[in-house]
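Before any comments, here is the structure.
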Amino acid sequence: MVFRKLPGVSASGMGLRLSQKFVFLLFLSGLVTLCFGALFFLPDSVRLKRIFLSKTETQPVTVGSGSENDAREHLKRPKDQDHPRGMASVKGETSTKLKSLSRKPSVSHEATEERLAGGKAQEDLTLPRSKTESASEKATSADHAASSDTFSYVKFKRCLLKPPLGSDGGKPSDPQTNERREKVKEMMKFAWDNYKQYAWGKNELRPLTKNGHIGNMFGGLRGASIIDSLDTLYIMGLMDEYKDAKEWVQTNLDLNSNGEASLFEVNIRYVGGLLSAYYLTGEELFKSKVLELGEKLLPAFNTPTGIPRGVINLGSGTSWSWGWASAGSSILAEFGTLHLEFVHLTELSNNPIYTEKVMNIRKLLNKIEKPHGLYPNFLSPVSGNWVQHHVSIGGLGDSFYEYLIKSYLMSDKTDDDAKKMYYSALEAIEANLVQKSPGGLTYMAEWRGGILDHKMGHLACFSGGMIGIGADDGAAEKRQHYLDLAAEITHTCHESYTRSATKLGPEAFRFDSGAEATATRLSDRYYILRPEVIESYMYMWRLTHDPKYREWGWEAVEALEQHCRVEFGFSGIRDVYTMTVSHDNMQQSFFLSETLKYLYLLFSDDDLLPLEDWVFNTEAHPLPIIRKSCLQDEATQDKTVSE
Ligand code: DMJ
């Protein structure tokens with residue numbers, strides 16, 4: 001090979017002068033440093049990075065909440081996670097913080113409608129949403145695979161006080177009640193059969209157009225109506241249908257979706273539905289599915305405060321806040337409605353991380369200053385401060401309060417913090433929100449920075465039942481008062497039904513400008529098969545056995561049959577005040593999990609899912625009370641026997 005002589009370079013030993021050598025070496029070392037440094041900016045999926053950097057260097061470092069340090073031990077980055085396009089990586093001061101920001105496109109009108117249906121996000125529906133990539137972490141199932149086997153279904157069953165399905169499936173002795181119960185069962189079968197025929201595997205049935213609806217609330221997960229129906233089918237004894245549902249879960253429930261999901265909705269419907277199905281049937285399939293899904297939700301908690309964001313990509317673990325929620329805030333009813341399910345995820349997996357995540361939320365909420373003792377609906381997951389002073393027992397706030405009292409009950413009345421928080425919240429609600437109309441109806445107004453909005457949402461009607469089930473554990477002198485308050489609110493909600501032409505209640509009703517429990521705005525007149533009023537009838541029936549609650553439930557059955565039953569399923573209606581109804585073409589999955597289940601329970605004996613053993617999550621999925629002491633005794637006994 002011939003080297004052409006370059007000017008200033010001698011032939012011998014490449015012939016570089018000392019100064020030239022120095023410049024060349026400097027250039028070379030600069031180049032090497034640059035190339036190596038660039039490896040840090042490559043996505044994890046790039047092989048070179050995995051070859052050159054050690055395992056620990058590729059782990060994400062989160063912007064952490066108090067519990068995140070502990071959490072990190074259980075977590076690892078999901079494989080092949082690239083920064084989504086358009087997200088800029090920012091290196092923090094210590095090169096250890098990795099954080100990305102980007103804008104998401106506007107959510108569709110359909111998505112907005114879905115959130116309205118879900119109910120937790122009813123207002124300020126302005127679009128684009130801001131997206132912050134969470135450092136993506138996932139629990140290693142390997143870490144806990146062995147210990148998850150320590151949950152014993154047999155022991156759990158022995159710790160229940162009563163058989164879950166009662167002595168005879170809750171069959172009432174009174175023939176008329178039994179007939180009514182059979183009618184509800186027929187409605188469930190009709191709704192299910194049509195879903196199966198026209199929308200099998202999709203999320204909901206569109207009964208007018210006879211097709212399925214997928215939507216984008218569940219991050220690409222499918223079969224919401226199937227998961228939401230498992231326990232209802234089982235308790236109604238619709239065993240062929242239950243078997244079809246189970247088989248679908250076995251062969252078709254794909255949890256490896258890569259879409260954008262509402263953390264709240266996936267939790268209450270999928271996690272709640274699978275947990276209940278497991279506890280009722282003991283089928284390992286449901287347990288392994290729910291634990292797999294639980295892991296996928298964990299990255300949503302990787303925020304500076306540990307308060308999760310509302311939306312999560314189930315594939316990448318990226319999470320962000322709803323664009324319509326002021327200033328990237330998280331919603332009280334969303335992050336406050338995880339406790340029951342997450343505690344059970346810990347029970348089944350023996351992995352403390354789930355309970356740690358929700359206890360962290362609890363701690364923050366307990367500590368933070370509350371205006372007049374009230375909990376506003378919007379909280380920043382970054383600063384941990386309230387973002388707006390809007391308080392409501394309906395949409396955006398509702399199930400947070402529900403989960404406080406139910407956490408206490410589900411802990412076998414050992415969770416004293418939940419108890420204290422619930423009763424002080426209730427006191428603040430009574431002092432600031434509970435109102436009496438000129439016509440003598442008790443209602444819950446909404447509170448906007450001290451100003452009352454005399455409106456009550458259909459969603460807020462769950463509070464009759466909630467206050468009812470909490471009455472007995474309140475201060476002795478308050479118990480009767482709470483039971484009366486629960487009855488008054490349930491009565492008001494019933495009035496919102498009886499004052500409409502269809503005998504179904506509107507989405508929101510008002511108590512101003514002469515209105516008493518009626519909707520004044522056109523946009524509030526719809527009914528989408530919601531359960532809350534019937535839910536309160538069911539609890540009030542169990543607590544008082546006043547026959548009026550069964551009568552009110554039957555009125556609702558007749559109205560549903562007359563106005564919402566169409567040829568191929570059940571549909572919501574657009575205006576409860578007109579007899580020439582217009583259908584919205586949607587059979588919501590909560591109609592199957594909640595509305596029909598609560599009706600069935602209302603017409604059953606109390607020993608079907610007795611309240612001594614079960615609490616219902618906010619989607620009406622029954623979860624067992626955890627009797628720690630019994631479970632431990634059982635474990636000790638087992639040990640002694642085997643020794
Ligand atoms: C259900 O998904 C749950 O009850 C939730 O808490 C509120 N919205 C719907 C039913 O209205």
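One-based numbering, in listed order, for ligands and for the atoms of each. Given the structure is predicted, the values throughout are model-derived calculations rather than measurements. We use all heavy atoms of the structure for the numbers below, so side chains are in, but hydrogens, waters and symmetry mates are not.
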Region of Thr337 engaging ligand 1 - heavy atom pairs below 4.0 Å: neither
Decide whether the shortest distance between a heavy atom of Glu532 and an atom of ligand 1 is less than 4.0 Å. yes
Could you tell me, atom by atom, which parts of ligand 1 come under 4.0 Å of a heavy atom of Glu619? 1 (C), 2 (O), 3 (C)
Intermediate values then yes/no, side-chain hydrogen bond (donor to acceptor under 3.5 Å, both in side chains), Tyr403 and Glu341: CA-CA 10 Å; Tyr403 271 36; Glu341 295 81 2; 2.6 Å; yes
Is there at least one pair of N or O atoms, one from Glu265 and one from ligand 1, spaced under 3.5 Å apart? no
Between the side chains of Arg269 and Glu619, is the shortest nitrogen-to-carboxylate-oxygen separation below 4.0 Å, so that they form an ion pair? yes
Apply side-chain hydrogen bond (donor to acceptor under 3.5 Å, both in side chains) to residues Glu204 and Ser225 and explain how you reach the verdict. CA-CA 6 Å; Glu204 293 98 1; Ser225 290; 5.7 Å; no
Heavy atom of Arg269 under 4.0 Å from ligand 1? yes
Determine whether more than 12 heavy atoms belonging to other residues, nucleotides or ligands lie under 6.0 Å from atom NZ of Lys196. no
When you check the gap from the basic side-chain N to the acidic O, do Lys597 and Asp231 get nearer than 4.0 Å? yes
Quick check with a 6.0 Å cut-off and a 45 degree axis cone: is Arg565 positioned over the face of Phe190's six-membered ring? yes
I need the contact type for Ile268 against ligand 1. Using non-hydrogen atoms and a strict under-4.0 Å cut-off, is it side chain, backbone, both or neither? side chain
Which of the ligand 1 atoms, numbered from 1, are nearer than 4.0 Å to a heavy atom of Leu459: 7 (C), 8 (N), 11 (O)
Asp584 side chain to Arg574 backbone, donor-acceptor under 3.5 Å: no
I'd like to check whether Arg530 has a polar contact with ligand 1, where a contact means an N/O of the residue lying under 3.5 Å from an N/O of the ligand. yes
For ligand 1, indicate whether the residue Ala333 contacts it via side chain, backbone, both or neither (heavy-atom separation under 4.0 Å). neither
